[in-house]
Number of protein chains: 2
Amino acid sequence: MKHLIAGLRAEGRRLTRPRKAILDVLEKSKYPLSAADVHARLKREQVAVDLVTVYRTLGVLKELGLVAQVELGEGQFRYETRHGREHHHHIRCRGCGRIADLMLCPLKKLTALVERETRFTVEEHSLEFFGWCPKCR
Amino acid sequence: MKHLIAGLRAEGRRLTRPRKAILDVLEKSKYPLSAADVHARLKREQVAVDLVTVYRTLGVLKELGLVAQVELGEGQFRYETRHGREHHHHIRCRGCGRIADLMLCPLKKLTALVERETRFTVEEHSLEFFGWCPKCR
DNA sequence: TCTTAATTGCAACTCGTTTGCATGTATCAC
DNA sequence: GTGATACATGCAAACGAGTTGCAATTAAGA
Ligand SMILES: [Mn+2]
Ligand SMILES: [Mn+2]
Ligand SMILES: [Zn+2]
Ligand SMILES: [Zn+2]
């Protein structure tokens with residue numbers, strides 16, 4: 001929560017109940033959540049927050065660098081907290097949709113190569129795996 | 001076009017003008033196209049095909065394994081032909097949206113590791129880079 | 001406590017994608 | 001070639017994720 005307050009302050013933004021609650025939901029989740037997921041979990045916890053506010057808050061948290069946006073071939077975005085978590089990637093089951101973390105990243109060296117080859121400046125990358133979990137195989 | 005015919009036949013599907021035209025558009029493009037892109041290019045070539053048909057055809061071509069679906073953080077899908085092209089990845093500029101191919105894949109070894117660690121069977125992966133191209137830097 | 005700008009909720013909207021259904025046509029048996 | 005038939009298409013409507021406008025609310029600082 002410390003990071004949240006600092007980040008908000010730095011931009012003249014405010015610490016509100018929805019923002020705390022949304023970050024809290026993300027920190028408790030073991031896998032990245034969609035806006036609708038976050039909204040559903042807030043409702044379950046009796047925290048009344050509009051879905052629009054969830055979207056706006058996820059945007060703010062992303063800008064502040066507190067959450068990462070993840071795309072897993074679903075036609076929607078998911079979000080996960082970055083606080084206290086290493087940079088990592090995911091694998092998603094084509095059967096049940098289960099998502100697991102992959103606490104690894106083989107791309108440090110490759111990034112330099114990509115920058116040399118393309119003349120782009122690399123700012124970020126996404127690496128996701130898709131397959132079948134043991135139950136769905 | 002040979003592959004297309006074979007693929008369609010194998011499933012009791014038909015070879016139609018829209019399907020040929022759409023595959024043709026994809027084969028001519030140097031970067032992956034959205035459904036709307038494909039539709040616009042068809043119109044420019046005076047080929048009258050409904051956008052819905054573009055979506056349905058892209059779905060069929062994907063099922064047949066003739067095109068790959070790519071997600072580049074835009075909130076939409078892009079498609080590119082797989083015919084005669086090696087498995088590869090992309091980099092997209094955060095300024096102008098330019099997309100370049102990265103004709104490389106460092107993930108053969110890693111896939112085996114991922115399968116061992118997660119007990120998933122890996123079927124596919126996505127690896128995309130985001131950054132700034134020389135003009136936008 | 002008061003002021004003010006940031007934030008929220010609600011409704012309406014945009015945009016990418018999908019679905020239902022009547023019409024059109026590629027394919028195949030004759 | 002003709003006809004029968006299942007597959008494909010176009011159009012309209014629906015859907016779902018995400019965005020925007022605006023009036024009402026509230027956090028933050030004086
Ligand atoms: Mn994760
Ligand atoms: Mn490509
Ligand atoms: Zn990485
Ligand atoms: Zn690869």
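We name chains A, B, ... by the order of the sequence lines, and we start the count at 1 in each one.
- Distance CG (B:L42) to C1' (D:dG10): 15 Å, rounded to an integer number of Å.
- Within the 4.5 Å cutoff, the side chain of B:Q69 has no heavy atoms near those of the B:L58 side chain.
- Note on residues 30-83 of chain B: pairs passing ring-ring contact (aromatic ring centres under 6.0 Å, His included), not counting sequence neighbours, are B:H3-B:H83.
- B:P32 has its side chain out of reach of B:R92: every pair of non-hydrogen atoms, C-beta onward, lies at least 4.5 Å apart.
- Among B:R82, B:E124, B:H125, B:K108, the single residue meeting the side chain to side chain donor-acceptor pair (under 3.5 Å) criterion with B:H87 is B:H125.
- For residues 58-73 of chain A, proximity to DNA chain C is found at no residue, defined as any non-hydrogen atom under 4.0 angstrom from a strand atom.
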- Message: Return a single string for nucleotides 23-29 of chain D, one symbol per nucleotide in 5' to 3' order, where B is base contact, S is sugar-phosphate-only contact and - is none, cutoff 4.0 angstrom on heavy atoms.
- Response: ---BBSS
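- Counting only heavy atoms from C-beta outward, the side chains of B:T57 and B:L23 never approach each other to under 4.5 Å.
- Under the 4.5 Å side-chain contact rule for hydrophobic residues, A:V38 and A:L51 share a cluster.
- Note on B:M103 and B:L72: separate hydrophobic clusters, where clusters join Ile, Leu, Val, Met, Phe, Trp and Tyr whose side-chain heavy atoms are under 4.5 Å apart, directly or indirectly.
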Quick one: which protein N/O atoms are closer than 3.5 Å to N/O atoms of nucleotides 15-18 of chain D? Pair and distance per line, please.
{"unit_1": "D:dG18", "atom_1": "OP1", "unit_2": "A:F77", "atom_2": "N", "d": "2.9"}
{"unit_1": "D:dG18", "atom_1": "OP2", "unit_2": "A:Y55", "atom_2": "OH", "d": "2.9"}

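- Atom CZ of B:R19 is separated from atom P of D:dC7 by 11 Å (rounded to the nearest Å).
- In the hydrophobic clustering of ILVMFWY residues, with side-chain heavy atoms under 4.5 Å counting as a link, A:V47 and A:V60 come out together.
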- Item | Verdict with supporting geometry, A:D24 and A:K28, salt bridge (charged side-chain N to carboxylate O under 4.0 Å, His left out) | CA-CA 6 Å; A:D24 191 56; A:K28 283 188 296 201; 3.4 Å; yes
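- The main-chain N or O of B:G73 is found under 3.5 Å from a side-chain atom of A:E71 such that the two form a donor-acceptor pair.
- C:dT8 atom P lies 13 Å from atom NE2 of A:H39, rounded to whole Å.
- Other residues sharing a hydrophobic cluster with B:L127 under the 4.5 Å side-chain heavy-atom criterion for ILVMFWY residues are A:I91, A:L102, A:L104, A:L107, A:L110, A:L113, A:V114, A:F120, A:V122, A:L127, A:F129, B:I91, B:L102, B:L104, B:L107, B:L110, B:L113, B:V114, B:F120, B:V122, B:F129.
- At least one side-chain heavy atom of B:R78 sits under 4.5 Å from a side-chain heavy atom of B:D37.
- Within the 4.5 Å cutoff, the side chain of A:L8 has no heavy atoms near those of the A:R14 side chain.
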All N/O contacts under 3.5 Å from nucleotides 20-23 of chain C to the protein, with atom names and distances to one decimal?
{"unit_1": "C:dG20", "atom_1": "O6", "unit_2": "B:R56", "atom_2": "NH1", "d": "3.3"}

